[in-house]
Protein chains: 2
Amino acid sequence: MVREPLGEEAAVGLSRMFKALSDPIRLRLLSLIASYEGGEACVCDLTGPFDVSQPTISHHLKVLREAGLVGSERRGTWVYYWVIPQALAQLSALLQIPAAPAKAGA
Amino acid sequence: MVREPLGEEAAVGLSRMFKALSDPIRLRLLSLIASYEGGEACVCDLTGPFDVSQPTISHHLKVLREAGLVGSERRGTWVYYWVIPQALAQLSALLQIPAAPAKAGA
DNA sequence: CTTCTGTATCGACGAATGTCGAAACAGCAA
DNA sequence: TTGCTGTTTCGACATTCGTCGATACAGAAG
């Protein structure tokens, strides 16, 4: 982020992940999944805490999944979601700014 | 993010910042500003690298500013923008996930 | 088979977003 | 003053997004 100006392709990919985080419900969904024991949660646990309909939650989970932030698997009747740590780590590292800001010129 | 499920208010505030990062041009703008010497850049330096019009760049800068990710100041003829490190640090910390994921239950 | 529950997809709607050209504003220089 | 350059704001437009109800799909149980 700071060391060099971030190419166009990279920016497109990263912005897709950030876009997945740009909704309050998706942010809370991600946090809810991450905070569950074992790092995964059943969809049935994720619909209760929100004021929106079940299809809407399903839609948000799909957005998170297509952004590569979570994975999912059906086990019998229920579908489980888990966080993909590498994806979050990539974004976290990108936002890490040294205290003394700059280095490279234009 | 992992330790407890992230309240509704907090999620709204954080999602606003992530939304500002959800566009490739804004991501590159931020990176471009951060990578400039002194950590700040003139708008005149920021319009060249992009294929969009200058008003569009101005609009994206406004979005970044209103999200609290950058600050700006007019100095004579030119307007300068700089990154606000605390804002990025907050997001970066939120995305920091321990290697062994979970702890808290539902 | 049928039925029931959990989850995903579909189609539609209003609201928000990214983009542009045109116009307005800010500061400097004649 | 007038003019010039850098930047922002204003309308307008097509596209995308979040949401819903209705429907379809998946698996387990009668």
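Order of the sequence lines fixes the chain letters, A, B, ..., with proteins taken first and strands second; residue numbering starts at 1 for each chain.
Atom NZ in B:K19 sits about 11 Å away from atom P in D:dC17, given to the nearest Å. As rounded to whole Å, 13 Å separates atom P of D:dG18 from atom CG of A:L61. Atom CD in A:E66 sits roughly 14 Å away from atom P in D:dT16 (whole-Å rounding).
Expressed to the nearest 0.5 Å, how far OH of B:Y36 lies from OG of B:S31 amounts to 11.0 Å. Going from atom CD1 of B:I97 over to atom CG of A:L88 covers 5.0 Å, rounded to the nearest 0.5 Å. For the atom pair CD (A:E40) and CG (A:D45), the distance works out to 10.5 Å, reported to the nearest 0.5 Å.
In the hydrophobic clustering of this structure, B:Y80 does not group with B:L32; members are Ile, Leu, Val, Met, Phe, Trp, Tyr whose side-chain heavy atoms approach within less than 4.5 Å, directly or through other members.
No more than 12 heavy atoms of other residues, nucleotides or ligands lie within 6.0 Å of CD in A:E9, so this atom counts as exposed by the packing criterion.
Looking at residues two or more places apart in sequence or on another chain, you find no side chain to side chain donor-acceptor pair (under 3.5 Å) involving B:T47.
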Donor-acceptor list for residues 58-72 of chain B side chains, cut-off 3.5 Å, not counting sequence neighbours:
| from | atom 1 | to | atom 2 | distance (Å) |
| --- | --- | --- | --- | --- |
| B:H60 | ND1 | B:R26 | NH1 | 3.1 |
| B:R65 | NE | B:S72 | OG | 3.4 |

Could you list the donor-acceptor pairs under 3.5 angstrom formed by side chains in residues 15-22 of chain B, with sequence neighbours left out?
| from | atom 1 | to | atom 2 | distance (Å) |
| --- | --- | --- | --- | --- |
| B:S15 | OG | B:A11 | O | 3.1 |
| B:S15 | OG | B:V12 | O | 2.8 |
| B:S22 | OG | B:K19 | O | 2.6 |

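Interface limits on DNA chain C: the 5'-most and 3'-most nucleotides within less than 4.0 Å of chain A heavy atoms are C:dG6 to C:dT9.
Using modelled atom types, no side-chain atom of B:R75 and backbone atom of B:T77 make a donor-acceptor pair closer than 3.5 Å.
What you find for A:I25 and A:D23 is that their closest heavy atoms are N-OD1, 2.8 Å.
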Anything under 3.5 Å between a protein N or O and an N or O of nucleotides 19-22 of chain D, put it in a table, one pair a line.
| from | atom 1 | to | atom 2 | distance (Å) |
| --- | --- | --- | --- | --- |
| D:dT19 | OP2 | A:H60 | NE2 | 2.3 |
| D:dC20 | OP2 | A:S53 | N | 2.7 |
| D:dC20 | OP2 | A:S53 | OG | 3.0 |
| D:dC20 | OP2 | A:T56 | OG1 | 2.8 |

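Listed by residue number, the members of residues 68-83 of chain A with any heavy atom below 4.0 angstrom from DNA chain D are A:R74, A:G76, A:T77.
Residue contacts for A:R26: at a heavy-atom cut-off of 4.0 Å it reaches the sugar-phosphate backbone alone, with no base atom in range.
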